[in-house]
Chemist: 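Let me give you the structure first, and then I'll get to my questions.
The first residue in the sequence is number 1, and the count goes up from there.
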Amino acid sequence: MNSEKAYDEVAAFIAANNPRGVIAFQPSDESKDRVADLISREKTEGLPHDEKSELDHYMMTEHLMRLAKARWPERA
């Protein structure tokens, strides 16, 4: 199984259990600010391993949520 297939299965599960909640979900301003800071510092000065890992997790989570939101027409 490739990773895209695994992500797609998780996204389908999330979307199937609460499609309206998935569509409505928005990260908090605090989370948005943190991610923006990490991205900016990664581009300009680099990040220590723990913050790079944190950014990678945010990006993976965002990818999953986008996949789940893309499934909305299947649930409508």
Chemist: If every non-hydrogen atom of Pro27 is compared with every non-hydrogen atom of Ser31, which pair is closest and at what distance?
Modeler: CB-CB, 4.1 Å
Chemist: Do Tyr58 and Leu64 share a hydrophobic cluster (ILVMFWY, side-chain heavy atoms under 4.5 Å, transitive)?
Modeler: no
Chemist: Quick check on the hydrophobic clustering: are Leu67 and Phe25 connected, directly or via other members, by side-chain heavy-atom contacts under 4.5 Å?
Modeler: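 Linked within one cluster.
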Chemist: Is there a side-chain contact between Glu42 and Leu38 (heavy atoms, below 4.5 Å)?
Modeler: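 A side-chain contact under 4.5 Å is absent here.
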Chemist: For Asp33, which residues count as a side-chain hydrogen bond (donor to acceptor under 3.5 Å, both in side chains) partner, sequence neighbours excluded?
Modeler: none
Chemist: Listed by chain and number, what are the side-chain contact (heavy atoms from CB on, under 4.5 Å) partners of Gln26, not counting sequence neighbours?
Modeler: Lys32, Lys69
Chemist: Kindly write out the residues that satisfy side-chain contact (heavy atoms from CB on, under 4.5 Å) with Ile14, not counting sequence neighbours, or none if the list is empty.
Modeler: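 Listed in chain order: Val10, Val22, Ala68.
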Chemist: Name all residues meeting the side-chain hydrogen bond (donor to acceptor under 3.5 Å, both in side chains) criterion together with Thr61; count only those two or more places apart in sequence or in a different chain, and write none if there are none.
Modeler: none
Chemist: Please identify each residue that fulfils side-chain contact (heavy atoms from CB on, under 4.5 Å) with His57, with sequence neighbours left out.
Modeler: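 Only Ser53, Met60 meet the side-chain contact (heavy atoms from CB on, under 4.5 Å) criterion with His57.
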Chemist: Could you pull out all residues at least two apart from Asp56 that satisfy side-chain contact (heavy atoms from CB on, under 4.5 Å)?
Modeler: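 If we apply the side-chain contact (heavy atoms from CB on, under 4.5 Å) test to Asp56, skipping adjacent residues, the hits are Lys52.
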Chemist: Using the side chain to side chain contact (heavy atoms under 4.5 Å, CB included) rule, take Glu51 and Leu55 through it: C-alpha gap first, then chi angles, then the decisive distance, then the call.
Modeler: CA-CA 6 Å; Glu51 289 185 324; Leu55 179 58; over 6 Å; no
Chemist: Answer yes or no: is there an ion pair linking Glu30 with Arg34, defined by an N-O contact shorter than 4.0 Å?
Modeler: no
